[in-house]
2 protein chains.
Amino acid sequence: MDRLRREAGRVTRSRRVVLEALGRLQRPSTPKQIAEAVGSETCDLVTVYRSLKLFERLGLVQRIELGDGLARFEIADDDVHGHHHHHLVCRECNRIVRLEMCILADVERTLARRHGYAEIGHRLEFFGICPDCQKAEAQPRKRGKPGKD
Amino acid sequence: MDRLRREAGRVTRSRRVVLEALGRLQRPSTPKQIAEAVGSETCDLVTVYRSLKLFERLGLVQRIELGDGLARFEIADDDVHGHHHHHLVCRECNRIVRLEMCILADVERTLARRHGYAEIGHRLEFFGICPDCQKAEAQPRKRGKPGKD
DNA sequence: CTATGTGCAAACCGTTTGCACACAT
DNA sequence: ATGTGTGCAAACGGTTTGCACATAG
């Protein structure tokens with residue numbers, strides 16, 4: 001929040017509220033989920049989008065892609081660097097487990113050497129069926145909807 | 001194609017043409033790119049979508065997500081299993097290198113044990129700046145457009 | 001001949017943009 | 001007071017759907 005005050009725009013009620021909601025939600029959340037958490041009287045969906053874009057630019061928030069075409073956001077790792085992490089996502093209900101490990105730094109180095117690419121990074125997510133959904137296999141839910149994530 | 005004849009619907013001109021185009025294109029391609037490769041007089045964009053959905057269901061084709069909100073498709077690895085592969089994508093022009101290795105099988109086993117998830121798979125793509133774009137840093141292109149991929 | 005596939009137009013859904021009004025500084 | 005932020009409505013782009021016509025079997 002002080003970051004905001006220093007580096008860019010104004011500290012408005014909407015922005016404060018969106019950032020708080022993201023903290024409260026604890027998991028990667030879609031703009032719509034955030035808007036709902038906030039309440040439409042409090043802040044318009046469009047403003048959520050604009051705030052998220054700003055926060056992303058400031059590095060306060062990071063975007064997660066799960067491959068279903070929905071943008072998700074979570075509060076950025078506050079560590080200066082490192083603590084880069086991934087997710088394990090249920091294919092049924094989209095429940096998300098956060099994985100603290102990342103083992104791909106040396107793979108990236110190899111790729112840089114072998115293919116001449118620079119600034120290499122990666123996107124890695126795991127997908128499976130979470131324990132609850134394994135139990136509930138009786139009535140499988142439609143996959144890919146924003147479920148418990 | 002025989003696969004099609006056996007397992008599902010009819011073998012039509014459109015479907016043959018879409019599958020050929022995918023073979024010819026050699027790289028993960030968006031529905032629009034496929035439709036253009038085919039020519040709009042030959043086959044409507046909507047039909048491309050429907051064919052791709054069918055092919056995906058039959059396992060003839062697989063969907064790639066690069067995180068820019070565009071679906072891309074490529075001919076599925078014909079091997080029974082294995083030959084699961086990933087991509088190295090230029091952040092500027094989207095040029096794609098296909099990586100034949102995958103090292104994550106044991107990571108998946110660990111996750112299954114530790115979190116109780118079943119049927120674990122993953123999505124892993126690498127992003128960087130390809131050699132050409134490093135040279136051309138003068139006029140950087142707008143990122144994220146369907147470029148050379 | 002009949003069920004399945006196709007083209008066209010329109011719906012859909014997430015996201016972005018234009019514009020007039022509101023508010024933090 | 002002034003420039004930035006906001007809400008609303010409308011645009012946008014990829015994808016899906018409804019329906020009448022076409023065609024593979």
Side-chain angles (χ1 to χ4, degrees), chain A residues 1-2 4-19 21 28-36 38-58 61 63-73 94 142-147 149, chain B residues 1-19 21 28-36 38-58 60-61 63-73 94 142-147 149:
Chain A
M1 219 63 264
D2 1 305
L4 225 185
R5 194 167 291 116
R6 263 180 282 124
E7 302 191 21
R10 301 173 178 177
V11 179
T12 66
R13 175 175 152 69
S14 304
R15 292 179 180 170
R16 225 176 310 116
V17 157
V18 167
L19 209 48
S29 309
T30 64
K32 192 199 274 195
Q33 290 173 327
I34 296 166
E36 281 163 5
V38 151
S40 61
E41 352 69 41
T42 315
C43 173
D44 192 86
L45 176 59
V46 176
T47 300
V48 173
Y49 276 105
R50 290 195 268 227
S51 303
L52 289 171
K53 184 175 289 186
L54 171 66
F55 297 160
E56 195 184 9
R57 186 149 39 77
L58 295 184
V61 137
R63 176 188 299 257
I64 315 280
E65 302 277 356
L66 265 29
D68 60 356
L70 296 199
R72 284 178 176 75
F73 296 84
N94 271 331
K142 222 190 315 359
R143 297 191 175 190
K145 293 292 166 291
D149 57 338
Chain B
M1 218 64 262
D2 0 307
R3 185 80 177 284
L4 224 183
R5 194 168 292 117
R6 263 180 283 124
E7 303 193 19
R10 301 174 179 175
V11 179
T12 66
R13 175 175 153 70
S14 304
R15 291 177 179 172
R16 223 175 313 115
V17 158
V18 166
L19 209 48
S29 309
T30 64
K32 193 199 276 194
Q33 290 173 327
I34 297 167
E36 282 163 4
V38 151
S40 61
E41 352 68 41
T42 315
C43 173
D44 192 87
L45 176 58
V46 175
T47 300
V48 173
Y49 275 105
R50 290 195 269 227
S51 303
L52 289 171
K53 184 175 288 185
L54 171 67
F55 297 161
E56 195 184 7
R57 185 150 38 77
L58 295 184
L60 295 176
V61 137
R63 176 187 297 257
I64 315 279
E65 301 277 356
L66 265 29
D68 61 356
L70 296 200
R72 284 177 177 75
F73 296 84
N94 272 331
K142 225 197 297 13
R143 295 189 177 193
K145 293 293 165 286
D149 57 340

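We name chains A, B, ... by the order of the sequence lines, and we start the count at 1 in each one.
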Under 3.5 Å, N/O pairs linking protein and nucleotides 8-11 of chain D:
unit_1 : atom_1 : unit_2   : atom_2 : d
dC8(D) : OP2    : Asp44(A) : OD1    : 3.4

**Message:** Need to verify one output field. Residue with the more 5' nearest nucleotide on DNA chain D, Arg63(B) or Cys43(A)?
**Reply:**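 Comparing both residues, the 5'-ward one is Cys43(A).
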Identify the heavy atoms of [X] and [Y] that sit nearest to each other, and give their distance.
X        : Y        : value
Val46(A) : Asp44(A) : N-OD2, 2.8 Å
Glu65(A) : Leu70(A) : OE1-O, 4.3 Å
Arg15(A) : Arg10(A) : NH1-O, 2.9 Å
Gln33(A) : Pro28(A) : OE1-O, 4.2 Å

Just wondering, do [Y] and [X] contact through their side chains at under 4.5 Å, heavy atoms?
X        : Y        : value
Ser40(A) : Leu45(A) : no
Arg57(A) : Leu54(A) : yes
Thr12(A) : Thr47(A) : no

Looking at the side chain of Leu70(B), which of dG14(D), dG7(C), dT15(D) is the nearest nucleotide?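 So the nucleotide nearest the side chain must be dG14(D).
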Choose from dG7(C), dG14(C), dG5(C) the nucleotide whose nearest atom is closest to any side-chain atom of Arg15(B).
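From the listed options, dG5(C) comes nearest.
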Between the two ends of the helix from dC1(C)-dG25(D) to dT25(C)-dA1(D), what is the bend in degrees, rounded to 10 degrees, where each end axis spans five pairs?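 Here the local axes at opposite ends form an angle of 30°.
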message: Between Thr42(B) and Val38(B) (side chain of the first, backbone of the second, donor and acceptor by atom type, cut-off under 3.5 Å), is there such a pair?
response: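 Checked: pair present.
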Nucleotide [N], atom [atom2] - distance to [atom1] of [X] in whole Å:
X        : N       : atom1 : atom2 : value
Glu36(A) : dG14(C) : CD    : P     : 10 Å
Asp68(B) : dG14(D) : CG    : C1'   : 11 Å
Leu58(B) : dG5(C)  : CG    : P     : 11 Å
Leu19(A) : dG5(D)  : CG    : C1'   : 16 Å
Lys53(B) : dT6(C)  : NZ    : C1'   : 15 Å
Ile64(A) : dG14(C) : CD1   : C1'   : 18 Å
Tyr49(A) : dG7(D)  : OH    : P     : 15 Å
Arg57(B) : dG5(C)  : CZ    : C1'   : 13 Å

Taking atom [atom1] of [X] and atom [atom2] of [Y], what is their separation to the nearest 0.5 Å?
X        : Y        : atom1 : atom2 : answer
Ser51(B) : Leu60(B) : OG    : CG    : 11.0 Å
Ile34(A) : Arg72(A) : CD1   : CZ    : 10.5 Å
Leu58(B) : Phe55(B) : CG    : CZ    : 8.0 Å

Dump every N/O contact between nucleotides 21-24 of chain C and the protein below 3.5 Å, one line per pair.
unit_1  : atom_1 : unit_2   : atom_2 : d
dA24(C) : N3     : Arg10(A) : NH1    : 3.2

